[in-house]
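Since the structure comes first, as structure tokens, the remarks are kept for the end.
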Amino acid sequence: MGYCTVDDIKADFKGIQIETSGTTITTAKAEEIISQVSAYMNGRIGVKYVVPVDLSASSDAMLILKQICIFICGERVKNILEVKTGNTQVESDKKQPYNTARTPKDDLDLIVKGLLLLHSAPLVSAAQGVSSFNYYEFISHTIDV
């Protein structure tokens with residue numbers, strides 16, 4: 001299950017041409033990219049939430065993951081098009097060398113750290129990374145924040 005669709009990418013990135021055939025990025029290639037990005041996202045958030053997050057399309061958690069997936073997939077498609085066609089992005093669309101804006105990977109970090117919550121998404125563990133164990137007569141606590 002992917003966190004976005006080809007139509008979502010086309011809607012957010014109007015200049016990207018994804019067709020069934022005859023273009024540099026076909027629908028099949030875009031769907032492959034979506035699967036890869038969704039697997040990457042699952043790998044990142046899987047330490048905290050049960051993945052894949054399978055919620056209704058209107059849930060807050062799914063909307064957050066969809067936004068992140070669209071952005072990562074759109075950037076990847078644009079970069080592939082740029083390399084294959086030699087056409088660079090328009091000036092207003094270029095990345096700045098020192099981008100201070102939040103990125104989707106920053107958002108994934110915030111999710112893993114628990115600073116951006118996926119409400120209604122099932123947690124991997126009720127302990128939230130806190131566990132106790134007895135090791136050689138000492139009691140040790142591990143707290144993963």
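Predicted model only: the values in this text are computed from it and were never measured.
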Work out which heavy atom in [X] is nearest to a heavy atom in [Y]; give both atom names and the distance.
X: H119; Y: A61; value: O-CB, 3.5 Å
X: L116; Y: Y49; value: O-OH, 4.4 Å
X: K48; Y: G114; value: CE-CA, 3.7 Å
X: G46; Y: V51; value: CA-CG1, 3.9 Å
X: S38; Y: G2; value: OG-CA, 3.2 Å

Name all residues meeting the side chain to side chain contact (heavy atoms under 4.5 Å, CB included) criterion together with [X]; count only those two or more places apart in sequence or in a different chain, and write none if there are none.
X: K113; value: L115
X: P122; value: V50
X: D7; value: T5, K10

Rounded to the nearest 0.5 Å, what separation is found between the [atom1] atom of [X] and the [atom2] atom of [Y]?
X: I111; Y: L118; atom1: CD1; atom2: CG; answer: 4.5 Å
X: I68; Y: L110; atom1: CD1; atom2: CG; answer: 9.0 Å
X: K78; Y: F13; atom1: NZ; atom2: CZ; answer: 5.0 Å
X: Q67; Y: I70; atom1: CD; atom2: CD1; answer: 8.0 Å
X: C73; Y: D12; atom1: SG; atom2: CG; answer: 11.0 Å

Validation row: [X], [Y] side chains within 4.5 angstrom (heavy atoms):
X: D60; Y: L117; value: no
X: D8; Y: I34; value: no
X: I9; Y: V6; value: no
X: Y40; Y: L108; value: yes

Among residues at least two apart in sequence or on other chains, which ones pass side-chain hydrogen bond (donor to acceptor under 3.5 Å, both in side chains) with E32? Q36

Under the side-chain hydrogen bond (donor to acceptor under 3.5 Å, both in side chains) rule, collect the residues that match up with S35, sequence neighbours excluded. none

May I ask you to decide if V53's main-chain N or O and Y3's side chain share a donor-acceptor pair within less than 3.5 Å? yes

Sidechain-backbone polar pair: N79 side chain, R76 backbone, donor-acceptor under 3.5 Å: no

Applying a strict under-4.5 Å side-chain criterion to I, L, V, M, F, W and Y, I'd like to know whether V124 and V112 cluster together. no

